[in-house]
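Beneath this line is the structure, given in structure tokens, with notes to follow.
Just so you know, these numbers use all the heavy atoms, side chains as well, and skip hydrogens, waters and symmetry mates. In what follows, chains are A, B, ... by sequence order, proteins preceding strands, each numbered from 1.
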There are 2 protein chains.
Amino acid sequence: MTSPRMRYREQVRDEVKEHAWAQVATSGASALSLNAIAKQMGISGPALYRYFRNRDELITELVLDAYRDLAATARAAATPKDPRARLTAVAAAMRAWALEAPHRYLLIYGTPVPGYAAPPEATEAARDLMSVLLDGFTALPDGSPSTLNSHLDRHRAWSPDETAAAAALRRALVFWTRLHGVVSLEVAGHFTGMGFDPQLLFAAEVAAAIDA
Amino acid sequence: MTSPRMRYREQVRDEVKEHAWAQVATSGASALSLNAIAKQMGISGPALYRYFRNRDELITELVLDAYRDLAATARAAATPKDPRARLTAVAAAMRAWALEAPHRYLLIYGTPVPGYAAPPEATEAARDLMSVLLDGFTALPDGSPSTLNSHLDRHRAWSPDETAAAAALRRALVFWTRLHGVVSLEVAGHFTGMGFDPQLLFAAEVAAAIDA
DNA sequence: TACTTGCGTTAGAGGTTCTAACCAATGCGA
DNA sequence: TCGCATTGGTTAGAACCTCTAACGCAAGTA
């Protein structure tokens with residue numbers, strides 16, 4: 001099924017994406033230029049439109065790749081048997097992933113392009129990530145009681161696990177938002193100049209979220 | 001000191017900014033076009049360069065205005081005597097401010113433009129905002145003990161209040177990151193389609209942060 | 001009243017995305 | 001093995017964008 005043409009096509013697409021990532025890393029997604037990528041590859045601008053319908057499609061692919069990579073990274077880090085240690089490891093892996101390439105994280109969680117709708121595959125990857133978190137919390141006692149529990153019990157459409165306890169849903173959600181709170185401020189540079197060590201704040205928040 | 005020319009200049013600058021805000025709200029900051037603004041104002045493109053050195057300078061002004069407005073909004077909401085009620089009110093006001101104009105919030109806390117350095121006035125406004133939070137927590141008992149406290153006590157350069165207790169610093173910081181965690185995901189649309197009510201999650205997180 | 005300063009203009013350079021039209025080469029079916 | 005459709009490259013060009021240069025008019029100032 002993989003005709004030589006298909007193979008070549010995939011190869012070129014990958015090469016384009018590689019250059020795109022390099023450009024995103026240095027100049028951000030908003031400055032991504034198909035023309036510049038073409039020039040780097042030694043071909044002429046419009047040639048790229050044989051491989052990507054337009055700039056948005058390329059960016060969408062990058063977003064999707066990032067989503068899937070983050071989910072895979074989280075899942076790969078979930079090795080410890082003890083749920084607490086597992087969640088801690090997952091959190092650390094996610095932060096490391098974000099710091100490794102800040103703009104990759106921001107491509108997912110930063111300013112969205114208005115009018116841009118995330119493709120279904122993105123929500124799928126998001127669910128996959130959530131299931132890693134949920135897996136940790138279902139193996140843990142309920143945590144402190146919360147009025148949120150019953151609400152989430154009634155609105156659990158987003159949950160990757162139909163049978164998960166409401167308390168686990170709540171804690172996974174909170175884990176996510178708190179982790180994102182610290183990491184997103186860190187990668188966006190809002191801590192620079194403040195003087196403290198973000199790592200310590202992060203660790204404290206993760207520990208608190210695990211017992212929330 | 002306000003010569004008629006100065007007055008006119010300020011008036012035009014304000015009008016430009018108004019159009020810029022409208023454009024940011026609908027198409028995001030990355031799509032902001034000086035040319036389009038000029039056309040809307042009935043003048044020709046390059047004329048705007050008499051008022052703003054370049055596109056970046058305009059955006060910087062928008063960012064600054066947003067920063068100051070957020071800080072002022074938070075301060076204005078800090079009316080209740082009871083510190084808990086005060087912090088709750090401040091949090092609600094900040095969330096409302098974000099939801100009122102998502103792109104205004106994202107202009108501050110979203111994806112930063114690489115190579116863009118926040119002007120000193122921005123950090124000033126950030127400190128002002130922080131002082132509102134700090135004011136709430138200094139009026140509250142220390143909360144749960146944390147290893148972070150001593151670290152922050154040693155790295156308190158960012159604190160608007162020299163004499164604030166380390167525990168208050170920690171809790172203000174945590175309040176900020178948690179609030180941002182929920183609000184930023186909400187305004188970026190990451191909760192849409194999940195089905196639950198972000199308001200309830202927010203309220204729960206604020207309550208938890210106040211007692212952190 | 002004379003003059004400097006500031007604000008507007010158009011022209012244009014150089015960048016972008018993306019479409020249209022064309023051509024060569026590649027791989028596939030007959 | 002040959003013919004041909006498909007694919008991937010090309011250039012030209014339209015319609016945007018930012019920003020500079022050069023110029024002229026109309027203000028406020030001395």
* Asked: Once you round it to whole Å, what is the distance between P of C:dT17 and NZ of A:Lys39?
  -> 10 Å
* Asked: C:dT17 C1' sits how many Å from A:Leu58 CG, rounded?
  -> 13 Å
In residues 123-133 of chain A, what donor-acceptor pairs under 3.5 Å come from side-chain atoms, sequence neighbours left out?
from     : atom 1 : to       : atom 2 : distance (Å)
A:Thr123 : OG1    : A:Pro120 : O      : 2.6
A:Arg127 : NH1    : A:Ala157 : O      : 3.4
A:Arg127 : NH2    : A:Ser159 : O      : 3.4
A:Asp128 : OD1    : A:Arg75  : NE     : 3.4
A:Asp128 : OD1    : A:Arg75  : NH2    : 2.6
A:Ser131 : OG     : A:Arg75  : NH2    : 2.7
A:Ser131 : OG     : A:Asp128 : O      : 2.8

* Report the residues that fulfil side-chain contact (heavy atoms from CB on, under 4.5 Å) with B:Asp56, sequence neighbours left out, ordered by chain and then residue number. => B:Asn54
Side-chain donor-acceptor pairs under 3.5 Å in residues 15-22 of chain B, sequence neighbours left out?
from    : atom 1 : to      : atom 2 : distance (Å)
B:Lys17 : NZ     : B:Glu61 : OE1    : 3.0
B:Lys17 : NZ     : B:Asp65 : OD2    : 2.9
B:His19 : ND1    : B:Glu15 : O      : 3.1

* To the nearest Å, give me how far apart CE (B:Met41) and C1' (C:dT9) are. => 15 Å
Which atom pairs, donor and acceptor, lie under 3.5 Å between side-chain atoms of residues 99-108 of chain B and protein residues at least two apart or in another chain?
from     : atom 1 : to       : atom 2 : distance (Å)
B:Arg104 : NH1    : B:Asp69  : OD2    : 3.4
B:Arg104 : NH2    : B:Trp97  : O      : 2.9
B:Tyr105 : OH     : B:His180 : ND1    : 2.8

* Asked: B:Asp161: what forms a side chain to side chain donor-acceptor pair (under 3.5 Å) with it, not counting sequence neighbours?
  -> B:Thr163
* Structure fact -> So CZ of A:Phe175 and CZ of A:Arg170: to nearest 0.5 Å the spacing works out to 13.5 Å
* Taking protein heavy atoms under 4.0 Å as touching, what does nucleotides 23-30 of chain C look like 5' to 3' if B marks base contact, S marks sugar-phosphate-only contact and - marks none? -> --BBSS--
* To do: Provide, to the nearest angstrom, the distance between the CZ atom belonging to A:Phe52 and the P atom belonging to C:dT19.
  => 15 Å
* To do: Sort and list the pairs that fulfil salt bridge (Lys or Arg N to Asp or Glu O under 4.0 Å) and have at least one residue in residues 30-50 of chain B, not counting sequence neighbours.
  => none
* Residues that A:Thr111 engages under side chain to side chain donor-acceptor pair (under 3.5 Å), provided they are two or more places apart -> none
* Point-to-point distance, once rounded to the nearest 0.5 Å, from CD1 of A:Ile37 to CG of A:Leu58 -> 5.5 Å
* Whole-Å distance separating the CG atom of B:Leu48 from the C1' atom of C:dG8 -> 11 Å
* Asked: Can you give one letter per nucleotide of nucleotides 18-25 of chain D, 5' to 3': B if a protein heavy atom sits under 4.0 Å from the base, S if only from the sugar-phosphate, - if neither?
  -> BBB-BB--
* Residues in ring-ring contact (aromatic ring centres under 6.0 Å, His included) contact with B:His151, at least two apart in sequence or another chain -> B:His155
* Scan residues 8-20 of chain A against DNA chain D and write down, sorted by residue number, each residue with any heavy atom closer than 4.0 Å; if none is found, say none. => A:Tyr8, A:Arg9
Name every donor-acceptor pair, under 3.5 Å, that has one atom in a side chain of residues 192-203 of chain A and the other anywhere in the protein, sequence neighbours excluded.
from     : atom 1 : to       : atom 2 : distance (Å)
A:Thr192 : OG1    : A:Gly189 : O      : 2.7
A:Asp197 : OD1    : A:Gln199 : N      : 3.0
A:Gln199 : OE1    : A:Arg95  : NH1    : 2.9

* To do: Let me know the distance between CE of B:Met6 and P of C:dC7, rounded to the nearest Å.
  => 9 Å
* Are any of B:Ser44's side-chain N or O atoms less than 4.0 Å away from OP1 or OP2 of C:dT9? -> yes
